[in-house]
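Start at 1 with the first residue, then count along the sequence.
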Amino acid sequence: MNRLAAIPLFKGAEIDLAPFETRVRWKHFTPDEILVDFDDASTDIFFLASGDVRVLIRTRSGKEVILGEMRAGALFGELAALDGVKRSANVTALTRGEVCVMSAAVFREILFAAPTVADRVLRLLTTRVRELDARLMEQTVLDLKHRLYSELLRLSIPRAGHATERVVTPPPFHHVLAARIGCRREQVTREFTQMDAEALIERTRGALVLKRPDIFQSRVAAALREE
């Protein structure tokens, strides 16, 4: 079975992937398992076939900042596979799952032989740079309240059957949100109390509902204009 062909990056690529099947390995992982760690010298690239993982970075003082979560279909480790530099982030499993582990040599061989794959990788890298630029801007110019608004919007999706609402599911833990926006859990809790008082959010079973995402958006936009 050609499992590589099912990986989103390679779907429809103008290259026969069958010869590469024996040059990769598939690995199952369990919750809290570290798949990639800071300063690892490995250069493999990982394709997430199932399960969820979390990506974070760590400051010199040991403070950790969550960059985000990835789900099936995503890939990580591409920077080390491209430039050979030690890992700059940690990737830890949130659930059980499976990854396809491919060496940098095999990845580069496919990349240079398949223009479609190369184009997709370039677009992926561009998207990630833009996302990091946006987060850097927020961390630099926005206060805690507006960084939290922006992060909730980023985590949310439209709520089915409610055209003006968005939902974050599962509901985020306060300490996780704090690690995402660079503050303490207690500060996030205080902001949630205020959002409750303004009826901007609602907690349902298994979700956090943003009742007025338009207000979040307008407040963030106004805060950015003031800087």
Side-chain angles (χ1 to χ4, degrees), residues 31-40 52-71 74 76 79 86-95 127-159 164-227:
D32 298 322
E33 181 175 345
I34 296 176
L35 302 176
V36 170
D37 207 359
F38 304 100
D39 291 331
D40 279 355
D52 299 345
V53 300
R54 173 171 291 153
V55 184
L56 56 86
I57 57 176
R58 184 181 297 143
T59 67
R60 291 182 181 273
S61 64
K63 181 179 180 180
E64 294 183 344
V65 177
I66 296 174
L67 294 181
E69 285 78 37
M70 293 183 175
R71 296 180 176 179
F76 56 91
L79 295 184
K86 289 181 179 180
R87 306 290 187 182
S88 57
N90 167 287
V91 181
T92 299
L94 296 174
T95 66
T127 298
R128 290 185 177 175
V129 168
R130 292 185 188 280
E131 290 173 349
L132 288 173
D133 284 348
R135 293 189 64 156
L136 176 60
M137 174 67 76
E138 292 170 6
Q139 289 289 337
T140 303
V141 305
L142 294 182
D143 61 14
L144 164 64
K145 179 191 299 290
H146 294 94
R147 295 203 306 275
L148 180 58
Y149 289 165
S150 186
E151 191 64 25
L152 289 174
L153 288 169
R154 187 162 28 241
L155 292 172
S156 66
I157 59 174
R159 187 184 186 191
T164 63
E165 299 178 356
R166 297 182 66 84
V167 62
V168 182
T169 181
F173 292 109
H174 289 190
H175 73 276
V176 171
L177 285 171
R180 283 178 172 272
I181 63 175
C183 69
R184 299 189 305 276
R185 177 186 59 79
E186 294 80 7
Q187 292 174 293
V188 170
T189 299
R190 284 198 295 270
E191 293 301 331
F192 265 79
T193 299
Q194 181 60 37
M195 286 187 284
D196 269 325
E198 293 185 69
L200 295 176
I201 59 174
E202 175 186 325
R203 294 173 179 82
T204 64
R205 185 173 183 179
L208 172 70
V209 179
L210 308 186
K211 302 293 291 182
R212 295 295 307 275
D214 57 319
I215 290 182
F216 289 145
Q217 292 164 345
S218 63
R219 288 180 178 179
V220 170
L224 289 171
R225 285 195 299 271
E226 291 171 1
E227 296 299 330

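Remark: L79 CG to R87 CZ distance equals 9.0 Å, nearest 0.5 Å. Distance CZ/R154 to CG/L152: 10.0 Å, rounded to 0.5 Å. From H174, atom NE2 reaches atom CZ of R184 across 15.0 Å, with rounding to the nearest 0.5 Å. The CD1 atom of I57 sits 8.0 Å away from the OG atom of S88 when rounded to the nearest 0.5 Å. Considering CG of L177 and SG of C183, their distance stands at 8.5 Å, rounded to 0.5 Å. Atom CD of E191 and atom CD1 of I181 lie 8.0 Å apart (nearest 0.5 Å).
Counting only distance, with no hydrogens or angles, the side chain of R166 and the backbone of S156 share a donor-acceptor pair below 3.5 Å. Distance alone, capped at 3.5 Å, is enough to place a donor-acceptor pair between the R135 side chain and the L67 backbone.
Summarising the geometry of R147 relative to L142, their closest heavy-atom pair is NH1-O, 3.0 Å, with the distance given to 0.1 Å. The shortest non-hydrogen separation linking P171 to A207 is CD-N, 3.5 Å.
Within the 4.5 Å cutoff, side-chain heavy atoms of I215 are placed close to those of L200. Two residues are said to be in side-chain contact when any heavy atoms from C-beta on lie closer than 4.5 Å; N90 and V36 fail this criterion. A heavy-atom distance below 4.5 Å is found between the side chains of Q217 and L153. Taking 4.5 Å as the limit, every side-chain heavy atom of F192 sits out of range of all side-chain heavy atoms of Q187. In this structure the side chain of L155 never reaches within 4.5 angstrom of the side chain of L208, judged on heavy atoms. Residues M137 and D133 are not in side-chain contact: their nearest non-hydrogen atoms beyond the backbone lie 4.5 Å or more apart. Taking the side chain as every heavy atom from C-beta outward, K211 and M195 never approach each other to under 4.5 Å. Contact of the R58 side chain with the E64 side chain is registered, since non-hydrogen atoms from C-beta on lie closer than 4.5 Å.
Open room surrounds CZ on R71; 12 or fewer heavy atoms of other groups in view lie less than 6.0 Å from it. By the 6.0 Å contact criterion, CG on D32 is open, its count of non-hydrogen atoms from other residues, nucleotides or ligands being 12 or less.
Partners of Y149 by ring-ring contact (aromatic ring centres under 6.0 Å, His included), not counting sequence neighbours, listed by chain and number: H146, F216. The ring-ring contact (aromatic ring centres under 6.0 Å, His included) search around F173 returns H175, not counting sequence neighbours.
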- Item | Verdict with supporting geometry, R203 and D196, side-chain contact (heavy atoms from CB on, under 4.5 Å) | CA-CA 9 Å; R203 294 173 179 82; D196 269 325; 2.7 Å; yes

- Query: Can you check side-chain contact (heavy atoms from CB on, under 4.5 Å) on R54 and V91, steps first, answer last?
  - Reply: CA-CA 6 Å; R54 173 171 291 153; V91 181; over 6 Å; no

- Evaluate the criterion side-chain contact (heavy atoms from CB on, under 4.5 Å) for residue pair V167 and L210; output intermediate values, then yes/no. CA-CA 6 Å; V167 62; L210 308 186; over 6 Å; no

- Check against salt bridge (charged side-chain N to carboxylate O under 4.0 Å, His left out), K145 and E198: CA-CA 14 Å; K145 179 191 299 290; E198 293 185 69; 5.5 Å; no

- Task: Given side-chain contact (heavy atoms from CB on, under 4.5 Å), test T92 with V55 step by step and report yes or no.
- Result: CA-CA 7 Å; T92 299; V55 184; over 6 Å; no

